[in-house]
Each structure stands twice: as C-alpha cells, then as structure tokens.
A.B. asks: 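I'd like to ask some things about the structure below.
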Amino acid sequence: MVEVKQLVSDINQGRIKPVYFLMGEEPYYIDKISEYIETHVLTEDEKEFNQSVVYGRDTSIQEIVAKVKQFPMMSEKTVIVVKEAQDLHRTIEHLTSYVENPLDTSVLVVCYKYKTLDKRKKLIKAISKVGVVFESKKLYENQVGNWVTGVLKGKKYTIEPKATQMLVEFLGTDLSKISNELDKLSLVLPKGVMITAKDIEENIGISKDFNVFELRKAIGQKEILRCNQIINYFIENPKSNPLVVTISLINSYFTQLLMYHGLKDKSKMNVAKSLRVSPYFVEDYIKAGKNYPMRKVSQIISLLRDADVKSKGVGANLSDRDVLKELMFKILH
C-alpha cells in the first residue's frame, strides 16, 4: 500500500517514469496502477492521438517498440499500455534494448499478471535504472483483514472484526472482488459509520448467522445444536454454500488447530502470528484446542479428506446432504 501511494504521488507531481513494469500474482494493484496512469498522465484531448492499449496475445515486442518510439502529437507524452503481457513471456526480454535507451516522451506500462520475472534478469535490471518495477504480491488470508480495514479507513469507515471475517471467508483473498463489495457498501452506508455483520448480510448477501465462519466457531465450541442448524441451512442453500468449499474451509480450520497444538509458545500474539489469524479470534482457537486434542484433530483431518473424495462421487454414492451430515456427526462425536 505504501509503495502504491508513493507511485501515485510521484505521478501527481509530474515525476513520471518512461517505463512501468507491473508484475505479480495479485492482479488488483496491477489493474489499479495501470488505470491510474491511463487516467491521469494525459488530458482527455491528448489521449485521442497519444494513448493506446494493446494486449499481449494480439501484439508483438516489435510492434510495442514501434509504438513507444512514436513522438507525441500536440502533447508532451505518449502512453502505451500493454495488458496481459504475460502472454509475451517467451519474447518479453527483447524489450531490453529499448529500455536501455527509452524516449523521455513515451510512457510504457507493462501489465505482467499472475507471474513474476527474475529480478536478476537483464530486462528487470535495465528497467530498475530508468523506471519502476512493481511486484504485486498475493496477500495471505490473515493479511486481508488489515487490507480491508485500510481501504475502508480511506473511505471514512470502520468495520467490526466479525464483518471482516465474513468477507474473507466468503470472498477469499481476491482483492478485486472484495473491493467491488466495499464499493457497494460505500454507496448505501453513510460515511463515518462502523460496518457490521448485519450490513454485510443485508447488502452483500452473506448470512451473518449461517456461514462457514460461524460453523467453524460452533464446531470449535462443540455446540452440536448450532452446528446442525448451520449445516441444515447449507443443505437448503447449496448454491451459496457448496460442499467442496465448506469441506475445504473446515479442513483449513483443523489444520490451524494442528499447528496450534504444535506450538511451544501459546501466547496470544504468537498464536495469532503462527496461525495467521487476527488476535481477536485467538480465544476461539484456545477453546477449540481444549475440545480437540492433537490426536482427535489428526483423525478429523483424515475424515475431511474422505469426505472430500466422497463429495466428488468417488468411492461412495452419497448426496451432498448425506456427506455433510455424516462428516459433522463424526467430527462432533
């Protein structure tokens, strides 16, 4: 976030580089930075003759170099954005000769998604001398909550931990999806309010009472009635709660419990750091650790693997309903 803010600040102050190489597994920041350059470097009148967007699958390095070597018309700069540049991975190094001597009047933006280039390569070293090499790294699940908080702070909102957890459980670590949902919330909620689990339920469609987060918590506390209520809701609403996703998220929970049992230092901060969870939820793991000794946790992980196989129709002809009910009974007893 800090690096992105600095990049935006430099552009706003006119410190524009001739080459921006945006790469990495997380496409969200690559899209945001390229969009910002497309929007803010040239005026609307200048864009007509001096800004172009090409796609890696439809172009070549030779065509890109030819475009960036063109001089601007009635503008100080030309902007060329290469999207999906990872499709040029076999020839991308051929950009090196241009990058070693780029035109000051051209701005080349290369969007190289889902992959990275070795920073020891000649191309990356050459870009680092004259332009910007930005790596957009995928966030771990435990980092997404802080990211959500930071984004909402910029929009003048706060959010309660349960609401954050619901977003992460439902949308995973896909920042683009989460950002879209946060944009929806900002349209309907007044600035300055704290976003609650109820807001998430009413505006995004995630049940605050019947979701995998609540199921994992109920399993951890061995609340049998509550577990059955939630899985019955899942059975009645299979599209919103696909079995394969439910099994995967319960598995990740018990994998974390296994890690918890293996910790020598079970202080709150060390548990949060080791399990990659918010300190707010550590007490839930401590209670679950008492309910499920290490041996039981290992058995449950084995049960989850069997259920995953059954859910895919291998080795048993069971409905999703039967697989889920059988799994829950074996976990809780």
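Any value given below was found using the heavy atoms of this structure, including those in side chains, with hydrogens, waters and symmetry copies removed. Nothing here was measured: the structure is a model prediction, and the numbers come from that model.
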A.B. asks: Write down the atom of K119, the atom of I124, and the distance for their closest heavy-atom approach.
C.D. replies: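 So the two residues come closest at CA-CG2, 3.7 Å.
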A.B. asks: How many angstroms lie between CZ in F71 and CG in L103, if you round to the nearest 0.5 Å?
C.D. replies: 5.5 Å
A.B. asks: Distance under 6.0 Å and angle within 45° of the ring axis: does K177 meet both against F170?
C.D. replies: no
A.B. asks: Report yes or no: do K264 and N270 form a side-chain donor-acceptor pair below 3.5 Å?
C.D. replies: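 Their side chains do not contain a donor-acceptor pair, so the 3.5 Å distance test is not met.
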A.B. asks: Do NZ/NE/NH1/NH2 and the carboxylate oxygens of D183 and K155 come within less than 4.0 Å?
C.D. replies: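 Counted as a salt bridge, because a side-chain N and a carboxylate O are separated by less than 4.0 Å.
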A.B. asks: What closest approach, in Å, do P279 and K268 show between heavy atoms, and which atom pair accounts for it?
C.D. replies: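 Heavy atoms of P279 and K268 come nearest at O-CE, 3.1 Å.
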A.B. asks: Are the side chains of V110 and L22 in touch, meaning some heavy atoms are under 4.5 Å apart?
C.D. replies: no
A.B. asks: Kindly indicate whether the side chain of L171, heavy atoms from C-beta on, has any atom under 4.5 Å from the side chain of E181.
C.D. replies: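 Contact flag for L171/E181 side chains = yes.
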A.B. asks: Let me confirm one number: the CG-OG1 distance from L152 to T158, rounded to the nearest 0.5 Å.
C.D. replies: 8.0 Å
A.B. asks: Checking side-chain polar atoms at under 3.5 Å, does Q6 have a donor or acceptor matched by the opposite partner on D10?
C.D. replies: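 The criterion, which ignores hydrogens and geometry beyond distance, is satisfied for D10 and Q6.
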A.B. asks: Does some side-chain heavy atom of I195 sit less than 4.5 Å from a side-chain heavy atom of L185?
C.D. replies: yes
A.B. asks: Mark yes when over 12 heavy atoms from residues, nucleotides or ligands other than K67 sit less than 6.0 Å from its NZ; otherwise mark no.
C.D. replies: no
A.B. asks: For S319 and D322, test the side chains for any donor-to-acceptor distance below 3.5 angstrom and give the result as yes or no.
C.D. replies: yes
A.B. asks: Counting only heavy atoms not in E76, do more than 12 fall under 6.0 Å of its CD?
C.D. replies: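 No.
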A.B. asks: Taking only residues two or more places apart in sequence, or in another chain, which ones meet Y285 in a ring-ring contact (aromatic ring centres under 6.0 Å, His included)?
C.D. replies: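 Scan of Y285 (ring-ring contact (aromatic ring centres under 6.0 Å, His included), adjacent residues dropped) gives Y253.
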A.B. asks: Show your reasoning for whether side chain to side chain contact (heavy atoms under 4.5 Å, CB included) applies to V79 and L108.
C.D. replies: CA-CA 6 Å; V79 175; L108 173 62; over 6 Å; no
A.B. asks: Is the closest side-chain donor-acceptor distance between D31 and Y36 under 3.5 Å?
C.D. replies: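 Not at all, the side chains of D31 and Y36 share no donor-acceptor pair under 3.5 Å.
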A.B. asks: Do S267 and D265 pair up side chain to side chain, a donor and an acceptor below 3.5 Å, judged on atom types alone?
C.D. replies: yes
A.B. asks: In terms of hydrophobic clusters joined by side-chain contacts under 4.5 Å, are I286 and V271 together?
C.D. replies: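 Yes; tracing contacts between hydrophobic side chains, which count when under 4.5 Å, links both residues.
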A.B. asks: Please tell me whether V82 and Y114 are part of a single hydrophobic cluster in this structure, the criterion being side-chain heavy atoms less than 4.5 Å apart.
C.D. replies: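 They do not share one cluster, since no chain of ILVMFWY contacts under 4.5 Å joins V82 to Y114.
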A.B. asks: When rounded to the nearest 0.5 angstrom, what distance separates CE in M74 from CD in E46?
C.D. replies: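 Separation between the atoms: 9.5 Å.
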A.B. asks: Check D199, V151, T149 against I159 for a side chain to side chain contact (heavy atoms under 4.5 Å, CB included) and give me the one that passes.
C.D. replies: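 Only one option passes, and that is T149.
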A.B. asks: For atom CZ of R295, decide whether the heavy atoms of other residues, nucleotides or ligands shown that lie under 6.0 angstrom number more than 12.
C.D. replies: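 Count not over threshold, so no.
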A.B. asks: Below 4.5 Å, heavy atoms only, C-beta onward: do I16 and I37 meet side chain to side chain?
C.D. replies: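 The answer is no, as the side chains (C-beta and beyond) never meet within the 4.5 Å cut-off.
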A.B. asks: Same cluster or not: are M194 and Y157 linked, directly or through other Ile, Leu, Val, Met, Phe, Trp or Tyr residues, by side-chain heavy atoms under 4.5 angstrom apart?
C.D. replies: no
A.B. asks: Any side-chain heavy-atom pair from D320 and I235 closer than 4.5 angstrom?
C.D. replies: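 D320 vs I235: side chains apart.
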A.B. asks: Using a strict cut-off of less than 4.0 Å between a Lys/Arg side-chain nitrogen and an Asp/Glu carboxylate oxygen, indicate whether K217 and E214 qualify as a salt bridge.
C.D. replies: no
A.B. asks: Heavy-atom distance under 4.5 Å between the side chains of R216 and F254, does that happen here?
C.D. replies: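 R216 does not reach F254 side chain to side chain.
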A.B. asks: Regarding K266 and the six-membered ring of Y260, is the cationic atom NZ or CZ under 6.0 Å from the ring centre and inside 45° of its axis?
C.D. replies: yes
A.B. asks: In terms of side-chain heavy atoms, does T164 have a donor or acceptor partner in E160 at a distance below 3.5 Å?
C.D. replies: no
A.B. asks: Do I231 and L215 have side chains that get closer than 4.5 Å, going by heavy atoms?
C.D. replies: yes
A.B. asks: Counting only heavy atoms from other residues, nucleotides and ligands, does the tally under 6.0 Å from CD of E202 exceed 12?
C.D. replies: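 Check passes, neighbour count above 12.
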A.B. asks: May I ask you to say whether E38 pairs ionically with K83, meaning some side-chain N is under 4.0 Å from a carboxylate O?
C.D. replies: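 A salt bridge is present here (some side-chain N lies under 4.0 Å from a carboxylate O).
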A.B. asks: What's the spacing between K122 NZ and S97 OG if we round to 0.5 Å?
C.D. replies: 9.0 Å
A.B. asks: Kindly indicate, with the supporting measurements, whether the criterion side-chain hydrogen bond (donor to acceptor under 3.5 Å, both in side chains) is fulfilled by N291 and K296.
C.D. replies: CA-CA 9 Å; N291 286 330; K296 177 65 174 176; over 6 Å; no
A.B. asks: Stepwise, does the ring-ring contact (aromatic ring centres under 6.0 Å, His included) test hold for F134 with F21?
C.D. replies: CA-CA 6 Å; F134 174 83; F21 196 93; over 10 Å; no
A.B. asks: Regarding E44 and K47, does a basic nitrogen lie under 4.0 Å from an acidic carboxylate oxygen?
C.D. replies: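 Counted as a salt bridge, because a side-chain N and a carboxylate O are separated by less than 4.0 Å.
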A.B. asks: Could you state whether V68 and L123 fall into the same hydrophobic cluster, counting links through intermediate Ile, Leu, Val, Met, Phe, Trp or Tyr residues with side-chain heavy atoms under 4.5 angstrom apart?
C.D. replies: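 V68 and L123: one cluster.
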A.B. asks: Are Y55 and C111 close enough that some pair of their side-chain heavy atoms sits under 4.5 Å apart?
C.D. replies: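 No; the side chains remain at least 4.5 Å from each other.
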A.B. asks: Determine, step by step, whether Q143 and N146 satisfy the side chain to side chain contact (heavy atoms under 4.5 Å, CB included) criterion, reporting the C-alpha distance in whole Å, the side-chain angles of both residues, the deciding distance to 0.1 Å, and the verdict.
C.D. replies: CA-CA 6 Å; Q143 296 174 311; N146 288 336; 5.9 Å; no
A.B. asks: Do the charged groups of E326 and K310 touch, with an N to O distance under 4.0 Å?
C.D. replies: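 Salt bridge flag = yes for K310 with E326.
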A.B. asks: Taking Y28 as the starting point, is it possible to reach M23 by hopping between hydrophobic residues whose side chains are less than 4.5 Å apart?
C.D. replies: no
A.B. asks: Does the pair T78 and Q51 meet the rule for a side chain to side chain contact (heavy atoms under 4.5 Å, CB included), with working shown?
C.D. replies: CA-CA 6 Å; T78 58; Q51 182 162 294; over 6 Å; no
